[in-house]
Every structure is written in C-alpha cells, then in structure tokens.
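See structure below.
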Amino acid sequence: MTVTGIKSRTALAESAGRTGIGLFLTLFALLCIFPFFYVLTFSITPYSEYLKNPTSFIPHSPNLDAYRELLNFPLIYSGYRNTIVVTLAGTLLNLFLLLISGYPLSKRDLKGRNFILGLITFTMFFNGGLIPNYYLIRSLHMLNSLWSLFIPTAISAWNLILMKNFIATIPKSLEEAAIIDGANEIGILFRVIIPLSKPAIATFTLFHAVEHWNTFFYAIIYISKRSLWPMMLILREMVVEDSAGMASAANDVGMDDMFISPFTLKMAIIIITIIPILCVYPFLQKFFMKGMLVGGIKG
C-alpha cells in the first residue's frame with residue numbers, strides 16, 4: 001500500500017470519527033434541550049388542546065394566559081425578590097471570602113498553612129449534622145430571615161481549594177514587581193490577583209449563583225413565613241403539591257376559581273423560575289472552561 005493510500009485512509013477514518021462524535025453530541029444536546037422545550041411548549045398551549053393531542057409539541061392556538069394568571073399571585077413577586085436578594089448577597093459574600101482566603105493560602109511560606117488546609121479539608125468529610133446546625137441558626141436569631149439562606153454556605157471548602165490552586169498558578173514575578181512599585185498585600189490582591197483571576201471568579205460566580213438561585217433545603221428548614229419563601233419553595237408548592245398548592249396560591253389572591261388549568265400553570269411557573277438563571281450562562285461561558293481547568297492544577 002502506498003503512502004498516499006495510507007494517508008487517505010487515515011484522513012477518511014478521522015473524518016468519520018469527527019462525524020460520529022458530532023452526531024453523538026448533537027443527539028445529546030437535543031436530549032438535554034427536549035425537557036425545556038416540552039415545558040415551554042405546554043406553558044403556552046391551551047389545556048383543552050393538550051388533552052386532545054398530548055403528543056403534539058406545536059400548539060395551534062398558543063396563548064400567554066398562564067403567565068398572565070401567575071402575575072396575579074403576590075407570592076411570585078415576593079419569591080423573586082427574596083431569591084434575587086439571596087443570590088446577589090450570597091454570591092458576593094462567597095466570592096469575597098474565596099478571594100481573601102485563597103490568596104494567603106496560595107503562599108507556600110505561610111506559617112501554619114498545612115495545618116489550616118488540613119482543617120479545611122476535614123470539614124469536607126465531617127460536620128455537626130442537621131440538628132446542631134438548626135440550633136446554631138436559632139441561637140443566632142436567624143430563623144425566618146434571609147440571612148439563614150446564605151450565611152451557612154458562606155464558603156465552600158472545595159471551592160476554596162480550587163481558588164487557592166488557581167491563584168497559585170499566577171507568576172510570582174508579577175507580585176514581586178508590584179512590591180517593588182510599593183504595593184502592599186491588599187494592593188497586590190486587588191490590582192494583580194483579582195484582575196488575573198477573572199476566569200476563576202466567573203466560574204465560581206456561576207456555581208454560587210446557581211446554588212443560591214436553587215436554594216431549597218435550607219429554606220424548608222429555616223423559613224416558615226410564606227412572605228420570605230424563595231422561588232423554589234413556591235415552585236414546590238405549585239408543582240409538587242399539585243392541586244393543594246394551586247388552591248393555596250388562589251387563596252392568596254382571593255380567587256375562588258382557577259381559570260387556567262393547574263397543568264398549564266405548572267409549566268409556566270417552571271419557565272418563570274429557570275429563565276433568569278439561564279440568561280447568566282452566555283456572559284460567563286467564555287471564562288468557564290478555562291477557570292475549571294486551571295483551578296484543578298495542584299498548588
């Protein structure tokens with residue numbers, strides 16, 4: 001067999017491999033998109049039309065009645081407000097603590113560094129448990145307070161280690177040049193470390209924002225006032241508890257009858273809940289992969 005023939009067959013095999021991978025990824029992407037498309041379609045499909053043909057994903061008479069109906073629920077507005085406050089405050093607190101903790105821990109000559117890292121690692125495997133945490137929050141008078149939704153998760157040991165590893169990859173010569181220019185440690189952090197840590201900051205912003213937006217477990221435990229519920233608890237009441245949740249929501253606005261099917265309302269509130277956080281991804285995507293890859297380097 002000639003060299004040309006071998007190269008041709010190799011190129012053909014590579015092309016077939018790329019095509020196969022492309023088809024697989026396309027199929028996987030469609031499978032990921034399908035649930036969202038399903039929910040979006042039936043949130044604008046009249047329920048009577050859905051009953052006639054539940055397998056049709058193209059509504060013949062689309063409308064936004066379910067969304068208009070949801071706008072009459074005051075819990076939607078309070079839920080959005082609470083979720084936005086928790087997401088913004090919690091994410092800013094997470095990033096602040098990650099940066100001011102990860103920077104000194106990235107220095108190998110820090111006294112007691114290994115001991116501190118050992119304590120941090122210990123918390124990844126052992127904790128006080130649910131009941132001690134509840135008593136702690138109660139003793140701090142944070143029950144029925146939005147503080148309880150992000151203070152207990154103010155810093156993640158795993159994310160702190162990743163941030164420390166990322167900062168450790170920044171050349172020390174840049175810090176030395178800043179010291180020569182008269183900068184102190186705070187100046188180095190804000191003028192050198194933070195600008196060069198944008199990929200990691202964007203990655204952890206995305207992680208923590210999604211975590212706080214989807215806050216659910218702590219809200220069930222620490223929040224009993226409906227006016228302080230985040231969106232996920234409202235979503236749970238209207239979707240999981242089915243007709244009981246719908247009736248409760250109707251009572252909140254003094255409505256005796258629901259003019260929109262509970263099924264359609266479920267689809268609509270799911271869309272309302274997830275759309276805002278989905279809008280964050282396009283702005284952080286270009287930093288996401290770089291931040292994750294570099295953060296995984298041992299430092």
Side-chain angles (χ1 to χ4, degrees), residues 15-71 73 75-76 79-80 83-84 86-87 91 202-217 219-220 229-246 249 258-293:
S15 177
R18 287 193 296 268
T19 301
I21 293 174
L23 291 174
F24 173 78
L25 293 177
T26 300
L27 178 61
F28 183 75
L30 291 175
L31 291 175
C32 293
I33 294 173
F34 176 75
F36 177 78
F37 178 73
Y38 175 91
V39 173
L40 177 62
T41 298
F42 290 116
S43 70
I44 60 176
T45 301
Y47 190 60
S48 58
E49 183 179 324
Y50 165 76
L51 291 177
K52 293 178 181 178
N53 190 0
T55 60
S56 176
F57 297 105
I58 302 178
H60 298 290
S61 302
N63 61 61
L64 300 176
D65 291 345
Y67 295 94
R68 296 190 187 97
E69 192 78 21
L70 287 175
L71 293 179
F73 296 166
L75 282 181
I76 296 295
Y80 254 119
T83 299
I84 291 173
V86 169
T87 300
T91 302
T203 300
F204 292 123
T205 296
L206 185 60
F207 280 174
H208 288 297
V210 172
E211 176 187 359
H212 290 302
W213 187 271
N214 294 328
T215 185
F216 174 77
F217 182 70
I220 292 179
W229 277 6
M231 278 299 296
M232 287 301 156
L233 277 191
I234 299 172
L235 179 65
R236 171 181 175 269
E237 181 174 80
M238 298 186 71
V239 174
V240 177
E241 296 185 6
D242 202 13
S243 58
M246 293 299 178
M258 300 295 290
F259 298 102
I260 305 299
S261 165
F263 174 79
T264 308
L265 284 174
K266 290 178 185 180
M267 301 296 105
I269 194 173
I270 291 173
I271 294 297
I272 288 177
T273 303
I274 65 176
I275 279 294
I277 200 64
L278 286 179
C279 295
V280 176
Y281 279 89
F283 299 100
L284 302 178
Q285 185 64 35
K286 64 179 180 180
F287 299 108
F288 184 75
M289 288 308 300
K290 182 179 179 182
M292 285 307 299
L293 290 175

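Nothing fancy with the numbering, it's 1 onward along the sequence. Keep in mind that this is a model prediction, so the values were computed, not measured.
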Which value, rounded to the nearest 0.5 Å, describes the distance between Ile272 atom CD1 and Phe73 atom CZ?
10.0 Å

Between CG on residue Leu70 and CG on residue Leu64, distance to nearest 0.5 Å:
11.0 Å

Holding to ring-ring contact (aromatic ring centres under 6.0 Å, His included), I want the full list of residues that pass it with Tyr47, two or more places apart in sequence or in another chain.
Tyr50, Phe263

Is there a donor-acceptor pair under 3.5 Å between the side chain of Glu49 and the backbone N or O of Ser61?
yes

Beyond-backbone contact of [X] with [Y], side-chain heavy atoms, under 4.5 angstrom:
X      : Y      : value
Ile84  : Trp213 : yes
Glu211 : His208 : yes
Phe217 : Ile220 : no
Met232 : Thr273 : yes
Phe216 : Leu235 : no

Minimum-distance pair of heavy atoms, taken over all atoms of Thr264 and Ala66
CG2-CB, 3.6 Å

Nearest heavy-atom contact between Thr87 and Ala209 is CG2-O, 3.8 Å

Apply the test side-chain contact (heavy atoms from CB on, under 4.5 Å) to residues Ile269 and Ile76: give CA-CA distance (whole Å), side-chain angles for both, the deciding distance (0.1 Å), then the verdict.
CA-CA 9 Å; Ile269 194 173; Ile76 296 295; 3.7 Å; yes

Taking only distance into account, with no hydrogens and no angle test, what donor-acceptor pairs under 3.5 Å do side-chain atoms of residues 20-46 form with protein atoms, sequence neighbours excluded?
unit_1: Thr26; atom_1: OG1; unit_2: Gly22; atom_2: O; d: 2.7
unit_1: Thr41; atom_1: OG1; unit_2: Phe37; atom_2: O; d: 2.8
unit_1: Ser43; atom_1: OG; unit_2: Leu40; atom_2: O; d: 2.7
unit_1: Ser43; atom_1: OG; unit_2: Tyr67; atom_2: OH; d: 2.6
unit_1: Thr45; atom_1: OG1; unit_2: Thr41; atom_2: O; d: 2.7

